[in-house]
Amino acid sequence: MRYLPLTGNDRRGMLARIGVGSVDALFEDVPKSAWRSQPIEGLPSHAGELDVERRMKALAAKNLPAGSVPFFVGAGAYRHHVPAAVDHLIQRGEFLTSYTPYQPEVSQGTLQYLFEFQTQVALLTGMDVANASMYDGSTACGEAVMMANRVTRRSRAILSGGLHPHYAEVTRTQARWTNFTAVDASADIDGNEDLAALIDGETSCVVVQNPSVFGHVRDLSSLAEACHAKGALLIVVVTEIMSLGLLSPPGEMGADIVVAEGQSIGNALNFGGPYVGLFATREKYMRQMPGRLCGETVDADGRRGWVLTLSTREQHIRREKATSNICTNSGLCALAFTIHLSLLGEAGLARLAQLNHATAVTLADRLAKIPGITVINDSFFNEFTVRLSKGAAGIVEELATRKILGGVPVSRLIAGKPALDNLLLVAATETTTQGHIDALAAAFEDIL
Amino acid sequence: MAMNSTGRGDTRPIDTHQPHTATGQITTFTANRGLQIEEALIFEQGQRGRTAVDLPEPPAIKSRLGSVKPRKDIGLPGLSEPQVIRHYTRLSQKNFAIDAGFYPLGSCTMKHNPRLNEAMARLPGFADIHPLQPISTVQGALEAIDSLAHWLLTLTGMAAIAMSPGAGAHGEQCGMIAIRAALEARGDKRVRVLVPESAHGTNPATAAALGYVVDSIPATADGRVDLDALKAKLGPDVAAIMLTNPNTCGLFERDIVEIARLIHEAGALFYCDGANFNAIVGRVRPADLGIDAMHINLHKTFSTPHGGGGPGAGPVVLSEALAPYAPASAVVKGPNGFTLVEHAEGESFGRMKAFAGQMGMFTRALTYILSHGADGLLQASSDAVLNANYVLASLKDVMSPAFDGPCMHEALFDDHFLKDTGVTTLDFAKAMLDEGYHPMTVYFPLVVHGAMLIEPTESEPKESLDLFIATLANLAARAKSGDAAHFTGAPRLTPRRRLDETNAARKPVLRWRPTEVLDEAAE
Amino acid sequence: MANIRFTNDHEWIRVEGDTAVIGITDYAQQQLGDVVFVELPEVGRALERGKDAAVVESVKAASEVYAPIDGQVIEINTLLLDQPATVNSDPQGAGWFFKVKLGDTAQLEALLDETAYNNMIQELG
């Protein structure tokens, strides 16, 4: 077995040193009823690289990769071009095969990039401070609501009807089992919901996504004022972080907590994970934040360095009083985010965001000309909602048979609402070509 | 006030510039030391206008951004590709890693990360597929998830599995919610969760978040759950026990079958923390121990890379009793291929996370499992236990084992052997850094004073263990010889020496700010 | 210092007229190490004997400070918010945490006097 260095000779010598006759003797505490001396039946034996590679490639070949076809799928995960340098750097063993920087003297590489990551996230979101990442945007959303409950000592959260349904489900699940109330607004297809009227003296927070899951872009300043007037916090969710290259950030609109899915920068689609949750807030709420934080300090020789800090908020010290139970987060995905954003820089991000928006506008204008399609949005970044003359789920399947991945039927995200059946979310990014747009338009013209 | 005495040492560096021990004092013009390069923050290097990504001019369009103001200055630095590559390459060189050396961090299972796993996860058929593209176009992905699920179910003997949790603690929450859901479904409002003193901090944090009162169970003198204390705490208000097995002292809970029986007899359920499953894979099926739920850290037991602190993956296996409550999404094998149940239906307790789980971790873990096979997995867990016992047996006379008898996959020592030397566990760990080792886990578990938890894993060759053992023996002798200064001033040869954690926490600086802003603030 | 009392949990309480001043003991601050942050109750909050009143954090531990007696908070030591190190340097003086309006003085009788407390920490070693 290529990964196991011990030889039979080694094992015999080691057992002699330990003073037992066999490895089995080391398992003396295992109850007889549970003991197995032979490998578990019905499972194959070890295999060489070539063999394993063939089997995994056979599985991979049964999928249709986004990059091989015209592709318009978004709704919380976006296909962007990731520069080759990103994957090269994150595969360096010193990053890939290290762990949480418990020994800062030999983890300055990880700590410094986390400090850079926290700074980038704070800058992008327009907030004061950010943590060292969460599992993904949806879990960050649930954690943000729980933080707002702690800060306000209230327990009623209002979820916008423009919030990604998976995020709302994650938050509702947290609400149900950790004992707070999540109030759902109805699906905000047109992007004109008024949440201010729902806020009362028991409201801990309002959770609103921008751009919304239907693609609408809104200025949330007045909603922030309405929250603050009632002592509630505004949590802004961003599922397409690239939009902040073009849009005024939530921090400037008065958000108290910003959570985001960072996948779009540096990370592949990966069928839904691993992704990287971004979490930023105001300085005054810093100690209520969940997750790991990296802070600047000096070493014994007075040189600048970094450490994990404020760790008494965390489960390994605070145990049942911790702000969250999170331990492992999304370090390597955060590194990919940081490297990609460093490669882009201010100018690159701004242009990339413009390119996304312009491509989506081109797509929307083209689709709007097709009989049987209505573009619902007045405003959007790189994704918008269309109403089709037929059920969207069937159309998407039909497109797939033509090797076009045409978008996300809203019915896939929100079950049991026939009124939404004809709605389709369509996304375009810098990877979308004019040829892709023409192919989708032609297919729609044919099917509808 | 509640005192949490963990036996930790001071966290503020004690500066000891003894001439005979201080090294690296040769000053250079650059402050670099050979290959150790002082690297500024990316924000201190960039220039406006530079970029490492060439993009086409966007087509002229009429902007559709509604009433939102356009983005003003973000403040990101601009760099070219060679600068970025150099920056992160230099940062990487300041890190200890498994690839570079022995990393016996107890409870974290820092085993070798095969590169085939990385290559397979990057196949476009896995990496470049969207979680919401039509199910007909992702049959291979669903089959891969199903295949991994099958292995995990077979290795644990359990009835059902929830694949979506993002890491161990997330899996714990998933399992504990399933337990609460099952209890509530039978109209049973129970309020207490029993957690051994030696548990990972995530256990009490998870139970408390779900509204349970955490009730701590003491350990016996031999490091196991005190069965009598457990019996005394059992009652009709106990919802569950959260027990790690092998436990955090590196010991198999020899009464675990009896514990399961007692728990069930009291109407409660058994959550097993599977962080240490690595020790018993293929040897013991947790189902045969009587558990109801257990998470599996794919980044520990099945070798997906730790990546500087994630991403992980924490699938949860469930007993028959808990199976109906599993969260969405779930892969289901049908007559016409695989489907994905994306909405919580029936008694499902809800959703843990967007989409279907950590696919990139699943492909890596499946590759690892197929490479090892059932025989290789059994050999791996056997070697992990053998390596740990070899370290324990070889150091038992020079250090102080916390408990008698063999251990499982990790060997626990306390700081008794450092008594009256003036050297703390922390100092000892820091001296190991100078010797080129990543220290063991220190000050955990809390039940042992000045704990040192050594987990060699199965990846370490005997030659490497022998040098490690000799090094620790040498350090122990040095501590006992009265050379405390060697330890209290350590490390000296690392990219940084001891860092001031006290100041970092008192005046937190969590981000870089441009100096102009700092100047304004100072005025 | 006859009017100072102690809890088994290492809080001290000093009676000054109809006010009681509360903090943590020198032994407690030694065990905690460098204090980095103190969270104090809001003024006006009604505290219950034995329940959480404040939090004190060092780099290695975070601990609840319990109210030694029932009482309403009338003043908090805002100095600690900026200079938590005061808890280390002067735990039983400038490092006080909060003051409560003294109600049921009988509750004081149940607490330890200085000798009894010193004996207790002697035994803790």
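Just so we're clear, the structure is a prediction, and the values are computed from it rather than from any experiment. Letters A, B, ... mirror the listed sequences (proteins, then strands); counts begin at 1.
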With a 4.5 angstrom heavy-atom cut-off, which part of [X] approaches chain B: side chain, backbone, both or neither?
X: Glu169(A); value: both
X: Ser379(A); value: both
X: Thr139(A); value: side chain
X: Val23(A); value: side chain
X: Ala61(A); value: neither
X: His164(A); value: side chain
X: Leu89(A); value: side chain
X: Ala132(A); value: neither
X: Arg2(A); value: side chain
X: Pro44(A); value: both
X: Val396(A); value: both
X: Arg55(A); value: side chain
X: Arg218(A); value: backbone
X: Met14(A); value: both

Is [X] close to chain A through its backbone or its side chain, or both, or neither, when contacts mean heavy atoms under 4.5 Å?
X: Met110(B); answer: side chain
X: Ile61(B); answer: side chain
X: Leu123(B); answer: side chain
X: Leu433(B); answer: side chain
X: Pro77(B); answer: backbone
X: Tyr390(B); answer: both
X: Lys430(B); answer: side chain
X: Leu155(B); answer: both
X: Ala505(B); answer: both
X: Phe43(B); answer: side chain
X: Ala380(B); answer: both
X: Asn389(B); answer: both
X: Pro327(B); answer: neither

Let me confirm one number: the [atom1]-[atom2] distance from [X] to [Y], rounded to the nearest 0.5 Å.
X: Asp136(A); Y: His166(A); atom1: CG; atom2: NE2; answer: 11.0 Å
X: Ile42(B); Y: Leu76(B); atom1: CD1; atom2: CG; answer: 10.5 Å
X: Leu244(A); Y: Leu349(A); atom1: CG; atom2: CG; answer: 8.5 Å

Between [options], which shows the greatest number of heavy-atom pairs under 4.5 Å with chain A?
options: Ala209(B), Gly140(B), Cys108(B); answer: Gly140(B)
options: Ala52(B), Ala208(B), Gly66(B), Pro311(B); answer: Pro311(B)
options: Ser92(B), Ala205(B), Pro58(B), Gly78(B); answer: Ser92(B)
options: Gly46(B), Gly376(B), Pro305(B), Ala100(B); answer: Pro305(B)
options: Phe444(B), Phe96(B), Phe355(B); answer: Phe355(B)
options: Leu251(B), Leu91(B), Asn95(B), Ile85(B); answer: Asn95(B)

Check whether any side-chain heavy atom of [X] lies under 4.5 Å from a side-chain heavy atom of [Y], and answer yes or no.
X: Lys72(B); Y: Glu252(A); answer: yes
X: Leu378(B); Y: His372(B); answer: no
X: Arg71(B); Y: Pro249(A); answer: yes
X: Arg496(B); Y: Pro104(A); answer: no

When only pairs under 4.5 Å are counted, which of [options] shares the most heavy-atom pairs with chain B?
options: Glu49(A), Arg303(A), Gln103(A); answer: Arg303(A)
options: Leu332(A), Val361(A), Leu43(A); answer: Leu43(A)
options: Ser68(A), Ala34(A), Ala268(A), Pro274(A); answer: Pro274(A)
options: Thr119(A), Val30(A), Thr100(A); answer: Thr119(A)

Trace of the side chain to side chain contact (heavy atoms under 4.5 Å, CB included) decision for Phe252(B) with Phe27(A): CA-CA 8 Å; Phe252(B) 198 94; Phe27(A) 288 87; 5.7 Å; no
Salt-bridge present ([X], [Y]; N to O < 4.0 Å):
X: Glu105(A); Y: Arg498(B); value: no
X: Arg64(B); Y: Asp378(A); value: no
X: Asp383(B); Y: Lys462(B); value: no
X: Asp299(A); Y: Arg497(B); value: no

Residue pair Leu510(B) / Gly295(A): nearest heavy atoms and the distance that separates them: CD2-CA, 4.1 Å
Relative to each other, are the rings of [X] and [Y] parallel, tilted or perpendicular (30° and 60° limits)?
X: Phe95(A); Y: Tyr113(A); value: perpendicular
X: Tyr102(A); Y: Tyr99(A); value: perpendicular
X: Phe115(A); Y: Trp306(A); value: tilted

Test of ring centre spacing under 6.0 Å for Phe271(A) and His130(B): no
Side chain to side chain contact (heavy atoms under 4.5 Å, CB included) assessment of Val217(A) paired with Asn377(A): CA-CA 9 Å; Val217(A) 176; Asn377(A) 301 56; over 6 Å; no
Test ring pair (Phe, Tyr, Trp, His ring centres under 6.0 Å) applied to Tyr103(B) and His438(B), His306(B), His112(B), the passing residue: His438(B)
Ring-face cation contact, Tyr88(B) with Arg92(A), 6.0 Å cut, 45° max: no
